[in-house]
Amino acid sequence: MASVNEGFVADEDVILEKSQDLESRNSSPSAKAREILGGDIDYSAARKAPLFIATIAASWGAFILGSFLGWSSPVQPQLQHIPNATVPPHVTNEESVWYVKLDNTEMAMVGSFVNLGALLGALSGGFLMDRFGRKLVLISLSLPFVVGWLLIIVAVDPSMLYIGRILGGAAGGIVSVVAPSYVGEISIPSVRGLLGFSFQLMVVLGILVVSLFGLGLDWRLISAIEAVFPFIFLVSVLYIPESPYYSVKKGKSSEARDALKWLRGPEYDMEQELAEMEARVRIELSQKSRFSDLWSSWAWKPVMVAIGLMVFQQLSGINAALFNAVAIFESAGSELDTLVAAVLLNVDQVLFCFISSLLVERLGRRTLFLISEVGMCISMFALGAFFFIKEQCEKELEATPASDCQQQVTALGWLPLTSLILFIATFAVGAGPMPWLMFGEILPARVKGPGGSVASFTNWFLAFIVTLTFVDIQEAIGSSGAFWMFGGFCVLGIFFTLFLLPETKGKTPEQIQSFFGIHPPANASSSD
């Protein structure tokens, strides 16, 4: 672990010395290419509006992913035919072919299968974007998104819902690798942080929109409306250019020039940026890239940090907080409808994610992630304390029905609601968006495809496991124990941020890699 820390605080003179020594021992094209890197590019004439357009188009898939993730919550009362549901099921005749009713196990599978599909998609995302290009892969994802929604619309049994959810999740898993990589490659340092928030912001917007639909629409109609969004995604991505870095990598310099002209504007002098792209590509192509490179001495540190970001996002307790949201509102004495309460939480998440996007280039990624971990830690332990008091009161009432402990619990009703709002806000500030922003910045270009797949796979695998097992965890250690467990992970996240997470604000790819102290080898692949 100490060697990791040393890599993150490597002295610039040592890094320069290593680089100079490497170049003196190599006269290869890759060594010469490094001489081009490190200069300051003047982005003052670059237009920013095309960047925002391209980012929104590429991130539209994240909006659709958010819709798939958020769909199960508002439609659950309808699918399970819960009495007095806000929106009663449209088909109640059990003889009808369109009659669908799910039990608790089937509903849990419908909820978790999006994560299962996403983790499978994440594994292939890196390979697909390196083989076929960022733009083509994004365009092709409109098909599984549409098919997924169509299967849900016409579902006559749970298996059709399962397949539709897995398809949508798989497409979303690929998007979670490709879209952040594309946005990172087209961005300029001054707005890279703001643009990098697009993925998480679009996810939570998708969740919010589908929760709003759930306030008054039948679940099939919600799905039909959602099926329109993949067509918007398709048209939007057709309009934007391919990543200029990918075009250079494939030897299509004229396409890279056209892409940079579209992204930066006609007044921007692209020659230096294009030269740096070509230099980075020469370095990358001078080596034979293999999946085993992820464990090479020059790659494993950024890969592990990218994985760590995903781990601490999913083990923050976000699923525990949302799962208990109804109980928390009831404990606070709220009479709000559960679907309305869910909408309010989603508004809270969108609002603070947007606020964080405005602060990221001022405060930095590392600072916001640290603030997020501290806030979530406080919230988790506070929620754990409340539910511990509540659980102890329930035991006391069983033994002594005349006990007045319920008054104490009622008096603390403000605590869980306040803690939940604080948790959602602080999650949206850092732990939610930052992993998707930073993994594309941290990973070296040579391993960005497989590294991004591994990081995204880790995220969706943990999301699937936590969603699938949370009820069992709650039954085993109680709500208080579950919250305290996730609070413990948040404490570990604080230490991770303090000692292992570098700041990437305003840094070029070469400057970011200098945090880790080691450059990729100049010659053919190494297996160290």
Side-chain angles (χ1 to χ4, degrees), residues 1 3-10 15 37-38 122 125-126 129-130 134 176-189 191-200 243 245 280 283-284 289 291 293-314 360-361 363-370 372-373 430-459 493 495-520:
M1 190 67 72
S3 63
V4 177
N5 292 337
E6 290 169 6
F8 291 160
V9 296
I15 295 170
L37 301 177
M129 76 175 189
D130 285 342
R134 285 67 166 145
S176 69
V177 178
V178 180
S181 296
Y182 176 84
V183 172
E185 289 171 354
I186 68 171
S187 300
I188 60 178
V191 293
R192 192 175 62 226
L194 178 60
L195 297 180
F197 265 72
S198 61
F199 186 85
Q200 181 67 13
S243 161
Y245 184 81
R280 287 199 298 271
I283 293 172
E284 183 181 349
S289 180
F291 196 83
D293 286 335
L294 294 176
W295 292 274
S296 297
S297 59
W298 54 269
W300 72 269
K301 293 176 184 178
V303 169
M304 292 306 296
V305 169
I307 291 173
L309 285 165
M310 299 301 184
V311 167
F312 289 111
Q313 182 196 73
Q314 286 302 324
V360 65
E361 293 298 347
L363 300 181
R365 288 86 157 125
R366 186 170 178 267
T367 300
L368 287 175
F369 196 80
L370 180 61
S372 180
E373 289 292 336
M434 217 58 67
W436 301 112
L437 165 61
M438 294 189 71
F439 94 79
E441 296 178 326
I442 286 174
L443 292 174
R446 179 176 164 186
V447 295
K448 184 167 289 187
S453 288
V454 170
S456 294
F457 173 83
T458 301
N459 184 290
F495 285 106
F496 168 80
T497 307
L498 289 174
F499 298 109
L500 299 178
L501 186 64
E503 178 57 76
T504 60
K505 181 186 74 170
K507 301 292 194 301
T508 65
E510 289 72 34
Q511 291 170 331
I512 291 171
Q513 290 312 305
S514 74
F515 279 104
F516 301 98
I518 299 176
H519 293 285

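From a predicted model like this one, the values you see are computed outputs, not experimental measurements.
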Discussion item. Run the side chain to side chain contact (heavy atoms under 4.5 Å, CB included) test on V183 and S198 for me, step by step, so that the C-alpha distance in whole Å, both residues' side-chain angles and the decisive distance to 0.1 Å come before the verdict.
Written reply: CA-CA 9 Å; V183 172; S198 61; 4.3 Å; yes

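- Between the side chain of S456 and the backbone N or O of S453 there is no donor-acceptor pair closer than 3.5 Å.
- The minimum heavy-atom distance between F197 and P433, with the atom names listed, is CE2-CG, 3.2 Å.
- Within the 3.5 Å criterion, the main-chain N or O of K507 finds a donor-acceptor partner in the side chain of R192.
- Closest non-hydrogen pair, F439 versus A306, comes out as CB-CB, 4.0 Å.
- Looking at heavy atoms from C-beta onward, W295 lies out of side-chain contact with V303 at the 4.5 angstrom threshold.
- Residues T497 and E373 bring no donor and acceptor atom of their side chains to less than 3.5 Å of each other.
- With contacts defined as side-chain heavy-atom distances shorter than 4.5 Å, the pair P502/V305 qualifies.
- Classification of E185 and R134 as a salt-bridged pair holds, one side-chain N sitting under 4.0 Å from a carboxylate O.
- When all heavy atoms of D130 and P450 are compared, the pair lying nearest together is OD2-CD, 4.3 Å.
- Not a single ring-ring contact (aromatic ring centres under 6.0 Å, His included) links F369 to another residue, sequence neighbours left out.
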Worksheet item: Passes side chain to side chain contact (heavy atoms under 4.5 Å, CB included), I188 versus L195? Steps please.
Response: CA-CA 9 Å; I188 60 178; L195 297 180; over 6 Å; no

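- Taking the six-membered ring for Trp and thresholds of 30 and 60 degrees, F495 and F499 have nearly parallel ring planes, at less than 30 degrees apart.
- In this structure, CG in L443 is found 8.0 Å from OG in S181, a value given to the nearest 0.5 Å.
- Residues satisfying the side chain to side chain donor-acceptor pair (under 3.5 Å) test with E361, not counting sequence neighbours, are R365.
- Taking CZ from F457 and OG from S176, the interatomic distance works out to 12.0 Å, rounded to the nearest 0.5 Å.
- Atom OG1 of T458 sits about 11.0 Å away from atom CG of L309, to the nearest 0.5 Å.
- A donor-acceptor distance shorter than 3.5 angstrom exists from the side chain of Q313 to the backbone of A431, with no hydrogens or angles considered.
- When all heavy atoms of A455 and I307 are compared, the closest pair comes out as CA-CG1, 4.4 Å.
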Item to complete: Decide yes or no on side chain to side chain contact (heavy atoms under 4.5 Å, CB included) for I442 and F515, but give the supporting numbers first.
Response: CA-CA 10 Å; I442 286 174; F515 279 104; over 6 Å; no

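- What you find for V360 and K505 is that their closest heavy atoms are O-CD, 3.9 Å.
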Worksheet item: For S372 and L368, what are the C-alpha separation, side-chain angles and deciding distance, and is it a side chain to side chain contact (heavy atoms under 4.5 Å, CB included)?
Response: CA-CA 6 Å; S372 180; L368 287 175; over 6 Å; no

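- Of all non-hydrogen atoms in P435 and G432, the two that sit nearest each other are CD-O, 3.8 Å.
- Atoms CD and CD, on E441 and E503 in that order, are 8.5 Å from each other to the nearest 0.5 Å.
- Each of L501, L363, L498 was compared with L370 under the side chain to side chain contact (heavy atoms under 4.5 Å, CB included) criterion, and only L498 meets it.
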